[in-house]
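As structure tokens, the structure follows; a few thoughts come after it.
Just so you know, these numbers use all the heavy atoms, side chains as well, and skip hydrogens, waters and symmetry mates.
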Amino acid sequence: MPATHHTKMLILGSGPAGLSAAIYAARAGMKPIVVQGLQPGGQLTITTDVENYPGFAEVIQGPWLMEQMTAQATHVGTAMIWDTIVDVDLSQRPFRLTGDGGDIYLAETLVIATGAQAKWLGAPGEQELGGKGVSACATCDGFFYRGKKVVVIGGGNTAVEEALYLTNHSDDVTLIHRRDHLRAEKILQDRLFANPKIKVLWNKRVDRFVSGEGVSGLVGVDLIDTVTGAASHEPTDGGFVAIGHSPSTELFKGKLPLDDDGYLQVTPGTSLTSIPGVFAAGDVTDKVYRQAVTAAGMGCMAALDAERFLAEAEYHAMVEA
């Protein structure tokens, strides 16, 4: 039978942003509820080696890190609920949200930390070789390809930025694009073409990510020429898919302002959305950095902003009384 949950803070999403918000809110006595969503733990649960999260001298595993964050949030007083929100009413406080199974959530404040998902090509071998040579984040995984050959697939700002970043680790970077021109900003294109470590393969699409016989990881990509149809093969140790991200904001279209790419808009330097009491944190609003540590920091900001909002609301209510 559907239940009704009341809370001072409801958090949507259980990645670094959502769990950090939960930890701070729970320690402030707000008894937050985290609705974990379709992917509890967020994108780090499908990430293997994590070497850039502060506090760990040795390489750690993404799923383990999220297990620890979840345990910490629970330990300090967060209620974790396995549910998916399907409807949101932000017209008045408490905000009213409905879960997939019919549960109702009434929240004095709402933190949206639903994240974003990398767009994938859908080519054979892509998912099978995820974490074994195929990645969607050069900043996260480029370090593992020091001195190795890498390819980047895409033609927009993300792809060019990833290619340029990878030159910090590799002297052999190839950008693969399905057209004969890039969509990236001109200043980024100028930097790309001026970099001797980068070559561009034009009019090529990835037909398959290839693993070698007796080799557990990526050894190359099969390509198809988009003009002639000719097949070719490009050997590589790492393949970075850089065709953009899709923020998980479908639920909030028409209810909160989104930018042209679908990311939630917040007041710069804060987690505040256009509706008082509603806050956004992590990749759902951040299309620049998209790192676990920045998401965690934004989760902290959202909790502190929400705590301040509630304190001011209680003060005004007391004065008016």
Quick one, K204 with E234, criterion salt bridge (charged side-chain N to carboxylate O under 4.0 Å, His left out). Give me CA distance, side-chain angles, the key distance, then yes/no. CA-CA 11 Å; K204 299 288 190 297; E234 183 74 14; over 6 Å; no
Walk me through it: do K255 and D89 pass the test salt bridge (charged side-chain N to carboxylate O under 4.0 Å, His left out)? CA-CA 8 Å; K255 298 178 181 179; D89 181 359; over 6 Å; no
Just say parallel, tilted or perpendicular for the rings of W202 and F193, cut-offs at 30° and 60°. tilted
D103 side chain to H5 side chain, donor-acceptor N/O pair below 3.5 angstrom: yes
Quick one: do the T84 and D100 side chains pair a donor with an acceptor below 3.5 Å? no
Is any NZ, NE, NH1 or NH2 atom of the basic residue among D259 and K287 found under 4.0 Å from an Asp or Glu carboxylate oxygen of the other? yes
[Y] backbone acceptor or donor facing [X] side chain under 3.5 Å:
X	Y	result
Q117	S246	no
E307	L304	no
T273	L256	no

Any side-chain heavy-atom pair of V150 and V152 under 4.5 Å: no
Take D83 and Y105 through the test side-chain hydrogen bond (donor to acceptor under 3.5 Å, both in side chains) and record every step on the way to the result. CA-CA 11 Å; D83 199 354; Y105 300 85; 2.7 Å; yes
Check for me, please, whether [X] and [Y] land in the same ILVMFWY cluster - side-chain distances under 4.5 Å, paths through other members count.
X	Y	result
L166	L188	yes
F56	L44	yes
L19	V50	yes

What verdict does the side-chain contact (heavy atoms from CB on, under 4.5 Å) test give for T139 and E162, after you've listed the backbone C-alpha separation in whole Å, the side-chain angles of each residue and the deciding distance to 0.1 Å? CA-CA 8 Å; T139 311; E162 298 266 272; 4.3 Å; yes
Evaluate salt bridge (charged side-chain N to carboxylate O under 4.0 Å, His left out) for K148 paired with D237, printing each intermediate quantity in order. CA-CA 6 Å; K148 297 182 178 181; D237 299 300; 5.8 Å; no
Give me the one residue out of T114, D286, L258 that meets side-chain contact (heavy atoms from CB on, under 4.5 Å) with L264. L258
Passes ring pair (Phe, Tyr, Trp, His ring centres under 6.0 Å), Y145 versus F240? Steps please. CA-CA 11 Å; Y145 297 91; F240 292 86; 5.5 Å; yes
Check [X] against [Y] and note the closest heavy-atom contact, atom names and distance.
X	Y	result
M298	T285	CE-CG2, 3.2 Å
A107	L10	CB-CB, 3.5 Å
S271	A302	OG-CA, 3.2 Å

Given D172, which partner from the list K199, K197, K149 fulfils the salt bridge (Lys or Arg N to Asp or Glu O under 4.0 Å) test? K149
